[in-house]
Amino acid sequence: MSTPQHLILVTHDQEGHATGLLPAEADAPQLSVLDASATRGDGVFETISVGSGHPQALDAHLDRFARSARMLDLPEPDAGLWGDAVHAIAEALAGHEEAWVKTVISRGIEGGSTPTGWAYGSVSPDFRRERTEGVAVALLDRGLRSDVAETAPWLLAGAKTLSYAVNKAAVREAQRRGADDALFVSSDGLLLEGPTSTLIVLHDRALVTPPAALGILPGTTQHDLFGAARDWGLDARVDVLRPDDLRAAESAWLVSSLRLAAPIRAVDGAATPVDAGLTAAMNGFLRSRRS
Ligand code: PLP
């Protein structure tokens, strides 16, 4: 991501209630070295796309921010104040067709009870190549069974926590294998999600995505695409998928808020079909969202 240009601190009291917004210098030091975000990755975040000043899927992002916070026993984020912070940064970026705002809340200074919150944003990188040429993916074992969310909720599978070191390591491993991105598979053989994206597969005129109950993040981009599927004459459903389903798919995508729909062009080195027309329609729809 590019250098942050706009920053707003979301201040909190010791009870964990948000108390206000404080615009701050993005280039100046703001975070204590004792903050749990830095020392333990103990917090949650959201990344929201902004199209010409309009935050996209903001309500869904704020709902998921609250869901992640609950999973970590953090105080409930104040949707009103966080929404105001996102809108203020989005407005400052209104001159750009594609930008982003990230919201972060951590457990705060170690030993204290005051969460640390901030929102910042900048201009998005250029994703045209990924959106048109597509991405090659490597299937990587996540090492967790598909029932992990139920049997081991303390592993926080499906929460958007600040601890993305594993997700980043997975992308590096995928690159070592000659791919662009990773696609996680559960230890019992079900397709899950990318390190920063949701899987959608086209099969028999239906868009299919794996259930969030497998311990994956419920995607806001996937949700919006499923809402528009009928416009493209497609059904949409949530279902378990296996690697062979992906290899046999008519087309497949990794979708996410900033990169949008990146068609999968190869799986473990074997080429897979890309539907350029449908991909363009998806990305046109996603980019035109005004809320
Ligand atoms: N899954 C993971 C693990 C993610 O980190 C992300 C986004 O960063 C997604 C899925 C896609 O979610 P969204 O479409 O809401 O950006």
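On a predicted model such as this, the values are computed, not experimentally measured, just so you know. For the numbers below, each heavy atom of this structure counts, side chains included, while hydrogens, waters and symmetry mates do not. Just so you know, ligand 1 is whichever comes first in the structure, and atom 1 is the first atom listed for that ligand.
In terms of protein heavy-atom proximity, atom 14 (O) of ligand 1 is nearest to Thr221 OG1, 2.5 Å. In this structure, the protein non-hydrogen atom closest to atom 8 (O) of ligand 1 is Lys160 NZ, 2.8 Å.
Proximity to Arg64 (heavy-atom distance under 4.0 Å) selects the following atoms of ligand 1: 12 (O), 13 (P), 15 (O). In the vicinity of Thr220, heavy-atom distances shorter than 4.0 Å reach the ligand 1 atoms 13 (P), 14 (O), 15 (O). Annotation for ligand 1: atoms under 4.0 Å from non-hydrogen atoms of Ser257 are 13 (P), 14 (O), 15 (O), 16 (O). Counting the atoms of ligand 1 from 1 in the order shown, those under 4.0 Å from a heavy atom of Glu193 are 1 (N), 2 (C), 3 (C), 10 (C). For ligand 1, the atoms lying closer than 4.0 Å to a non-hydrogen atom of Ser197 are 1 (N), 2 (C), 4 (C), 6 (C), 9 (C), 10 (C), 11 (C). Counting the atoms of ligand 1 from 1 in the order shown, those under 4.0 Å from a heavy atom of Gly194 are 3 (C).
Figure legend: Arg259 and Phe127 shown without cation-pi pairing, the cationic atom not lying both under 6.0 angstrom from the six-membered ring centre and within 45 degrees of its axis.
A donor-acceptor contact closer than 3.5 angstrom links the side chains of Thr11 and Thr19. Counting only N and O atoms by type, the side chains of His12 and Thr114 include no donor and acceptor under 3.5 Å apart.
The side-chain heavy atoms of Leu246 and Leu191, taken from C-beta on, include a pair separated by under 4.5 Å.
Here atom 11 (C) of ligand 1 lies nearest to Thr198 when heavy atoms of Leu260, Thr198, Leu286, Leu199 are compared.
For an aromatic pair to be called close, the ring centres must be under 6.0 Å apart, and Phe45 with Phe65 fails this.
By the criterion of a heavy-atom distance under 4.0 Å, neither the backbone nor the side chain of Ala57 is placed next to ligand 1.
For Tyr164, a nitrogen or oxygen atom sits less than 3.5 Å from a nitrogen or oxygen atom of ligand 1, counting backbone and side chain alike.
Remark: distances from the non-hydrogen atoms of His223 to ligand 1 are all 4.0 Å or more. Using a 4.0 Å heavy-atom cutoff, Pro218 is absent from the residues neighbouring ligand 1.
Applying the 6.0 Å contact sphere to NE2 of His203 captures no more than 12 heavy atoms from other residues, nucleotides or ligands. Within a 6.0 Å sphere centred on NE2 of His96, other residues, nucleotides and ligands contribute more than 12 heavy atoms.
The cluster map of Ile, Leu, Val, Met, Phe, Trp and Tyr, joined by side-chain heavy atoms under 4.5 Å apart, puts Ile8 and Val101 in the same cluster.
Partner of Ile264 under the side-chain contact (heavy atoms from CB on, under 4.5 Å) criterion, chosen from Val201, Leu254, Asp181, Ile200: Leu254.
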